[in-house]
Amino acid sequence: MRFSQAFLPTVKEVPKDAVDASHVLLLRGGYIRMIGAGIYEMLPLGQRVLKKIIAILREELDAAGCQEVLMPAILPASYFQETGRWDVYGDVLMRLKDRKGGDYHLAPTHEEIITDMVRRDVRSYRQLPLNLFQIQMKYRDEPRPRAGLMRCREFLMKDAYSFDVDDAAARKSYATMRSAYERIFTRLGLDFRIVEADSGQIGGDTSAEFQILAQSGEDRIVACDACDYAANVEVAEARIPEAEPPKEADMKPRELVETPGTKTIEQVVAFFEKEGFGVEDVIKSLVYVAPKADGESEMVMALVRGDHEVNEVKLARLMGVDEVHLASDEDVGRLLRTKVGYVGPVKDALPEGVSIRVVADHAVGSILNGVAGATKTQYHFRHVNFGRDFDAELHHLRQVGDGDECPRCGGTLHAYRGIEGGHIFILGTHYSSKMNATFLDDDGEAKPFVMGCYGIGVTRLMAAAIEQHHDDDGIQWPLSIAPYQVIVLPLGNDEQVAAKAEAIYEGLKAKGVEVLLDDRAERPGVKFKDADLVGIPLRVTIGNRGLKNGVAELKMRTGADAEDVPMDEIVEVVAKRVRGE
RNA sequence: CGGGGCGUAGCGCAGUUUGGUAGCGCGCACGGUUCGGGACCGUGAGGUCGAAGGUUCAAAUCCUUUCGCCCCGACCA
């Protein structure tokens, strides 16, 4: 492609609304343009990158035995009504009506449709296993689209769905997809971790996220430095340190202390620190509301050490609900007759007749002579002990963080930020049983398909790759997904230089290399800046200087230095480099 | 949904407090000089100031309503 003919509008100034590196560089580099919140156009360069990613996906999925299908983006409401997601999805679903007033929506994901597709035509175990995938736009009215392609309302997604006869077979499909994903992410040039994760609304018991490590990632994960344990902090566990429970003999008498103006842990610590108490002596008591499916809700008191945070996903699992949220000041006042900030678990201090479930993190069980709220506004207790002063169910309840011990091997966990690039699930019969999708097994019985689903956010990967591969000057595409592999820069207006560049351009094209020739009548500085911004992996520069010595300059986008290559070898050298030789 | 910010030329912004002929930089077009890290000089095109209503002799500027975008939080296969 000739730069002079390319629709490749690069921009010098940073667009006002872009913050993250990938967003800024995709806009500046002429890859995408925004049309509305979370809605983008792909310009030619962006489309080329997408096609590269898609090609890798297709190759690896085909190799894994998957078959590609295409499903409608616009769906009648009936399918999501069958599984209840018409209601569950709430405002995230882009709903619309046709001229007759019928309910439709844009597909945020396709489990129902694929299940329907399979139940129509698959009747026998002999037709299984089956793994179907699609690559297409999906639609979610996100509460907050952000960061360019990172979180969009319309986004390109690859989803695969497996159908098996039983759990064992489903696990096999899952394992196959897991290794296919490892190959895919590796080929995309991404530094990633496979982490244990919460399955969320989609259901199912086994799932893993493919997290792309990046400072700007929305997710927080931990990974062990000694074994391959890695998990999203939502579900991460840490080894419980072998701590002696407090001995009766060491317990001091509990005392009520007036502590005005100490609503936060920080204030409590400041108040008690001259007496030798630290933040790890404080018992943080938080009241949560767990809304049950039947509309009722239960209150629960969750205890963690002062320097720890409650893991709300784990708390919700513990309570058997989808989610929990902190109780409002009013809720707390009504139940415990105290202000938020002075809540505590001490039994004797709770208002008469009040009973509340109390759950605590293991670390709370081993605090000796701790500090806790007195369930009385402006008061705390000192010398509070588990067992003597309060009871609680001990669980893994806190958020795991950097420096915690690995639950598997005792190694050290490190914290990272990640971008969720893929998520694979074993769904079981969650959808198939609701939708009465069954096959006849070899014993002659009708059984629901055992399903799995496997998603990759294609447009998001494009952004994630940039988050991981850029510098101050621009993008540094991995060779496997770069829009062009090589950019040829003739400098100055020397006709011989132009002719030489032309020859190299043609030579590379003839060898199947994807080349961009910057034949614009621009000054050298402009061409260099644009080449760096756009992020083409290999750069061949031809100038007067080199021409005199019979050499072209070859530079990797990621490298610091350029090397001189004899003019008559440059095509072959570059072609080899592109082939990875 | 809560908090904050912003809509003025293709892009980035000033002008709004204190109403009075809409400006700057980049980009774009033309001419000239220049040519290895976003050159310089000259000329020029380009704006119903997000939209609607109101106040006023007069509104980018004041008032009301409304739409959109960004950031933080809540939320999120």
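Just the heavy atoms: all of them, side chains too, but no hydrogens, waters or symmetry mates, feed the values below. Throughout, a chain's letter reflects where its sequence line sits, starting with A, and its residues are numbered from 1.
G19(B): no Watson-Crick or G-U partner with both key distances under 3.5 Å is found in any strand. Across all strands shown, G44(B) forms a Watson-Crick or G-U wobble pair, both distances under 3.5 Å, with C28(B). Under the Watson-Crick and G-U wobble criteria, each requiring two contacts below 3.5 Å, nucleotide G7(B) is paired to C67(B). U56(B) is unpaired under the criterion used here, namely a Watson-Crick or G-U wobble arrangement in which both key atom distances are under 3.5 Å.
The distance between atom CZ of Phe7(A) and atom C1' of G10(B), rounded to the nearest whole Å, is 12 Å. Straight-line distance from the NZ atom of Lys527(A) to the P atom of U34(B): 18 Å, rounded to whole Å. We find that CZ of Arg545(A) is positioned 8 Å from P of G36(B), with the value rounded to whole Å. The interatomic distance linking Arg151(A) (CZ) with C75(B) (C1') rounds to 9 Å, in whole Å. G36(B) atom P lies 15 Å from atom CD1 of Ile542(A), rounded to whole Å. Residue Asp518(A) contributes atom CG, which lies 15 Å from atom P of G38(B) at whole-angstrom precision. Rounding to whole angstrom units, CG of residue Asp91(A) and P of A74(B) are separated by 18 Å. Put simply, CG on Asp17(A) is 9 Å from C1' on G7(B), counting in whole angstrom units.
The closest side-chain donor-acceptor pair between Tyr431(A) and Thr83(A), if any, does not fall under 3.5 angstrom.
Heavy-atom distances to RNA chain B give each of Val92(A) and Met34(A) a nearest nucleotide, and the one nearer the 5′ end belongs to Met34(A). Two residues, Arg146(A) and Asp20(A), neighbour RNA chain B, and the one matched to the more 5' nucleotide by heavy-atom proximity is Asp20(A).
The aromatic rings of Tyr89(A) and Phe80(A) lie tilted to each other, with the angle between the two planes from 30° to 60°. Taking the six-membered ring where tryptophan is involved, the planes of Tyr181(A) and Phe185(A) are tilted, since the angle between them lies from 30° to 60°.
One N or O donor and one acceptor, one from the side chain of Glu13(A) and one from the base of G25(B), sit under 3.5 Å apart. Side chain Arg28(A) to base G12(B): no donor-acceptor pair is found below 3.5 Å.
Comparing the P positions of G12(B) and U56(B) gives an interatomic distance of 37 Å, to the nearest angstrom. Straight-line distance between the C1' atoms of G20(B) and G37(B): roughly 48 Å, to the nearest whole Å. Spacing of P atoms, U66(B) relative to G2(B), comes out at 13 Å, to the nearest Å. Using atom P as the reference point in both G54(B) and C71(B), the two lie 36 Å apart (nearest Å).
Contact annotation for Glu218(A): no contact, since no heavy-atom pair falls under 4.0 Å across all strands. Across all strands shown, Asp530(A) has heavy atoms under 4.0 Å from base atoms, whether or not it also approaches the sugar-phosphate. Within 4.0 Å (heavy atoms only), Arg539(A) reaches at least one base atom of the nucleic acid. Among the atoms of the strands shown, base atoms are found under 4.0 Å from some heavy atom of Asp532(A). Contact annotation for Phe155(A): base contact, defined as any heavy-atom pair under 4.0 Å involving a base atom.
Exactly one of Arg151(A), Arg95(A), Arg153(A) qualifies for a salt bridge (Lys or Arg N to Asp or Glu O under 4.0 Å) with Asp141(A). That residue is Arg153(A).
The side chain of Lys12(A) contributes an N or O atom lying less than 4.0 Å from OP1 or OP2 of G27(B).
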Next item on the list: Determine, step by step, whether Asp191(A) and Gln468(A) satisfy the side-chain hydrogen bond (donor to acceptor under 3.5 Å, both in side chains) criterion, reporting the C-alpha distance in whole Å, the side-chain angles of both residues, the deciding distance to 0.1 Å, and the verdict.
Entry: CA-CA 8 Å; Asp191(A) 185 12; Gln468(A) 222 170 54; 4.9 Å; no
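Interatomic distance, NE2 of His23(A) versus OG of Ser216(A), reported as 12.5 Å (0.5 Å rounding).
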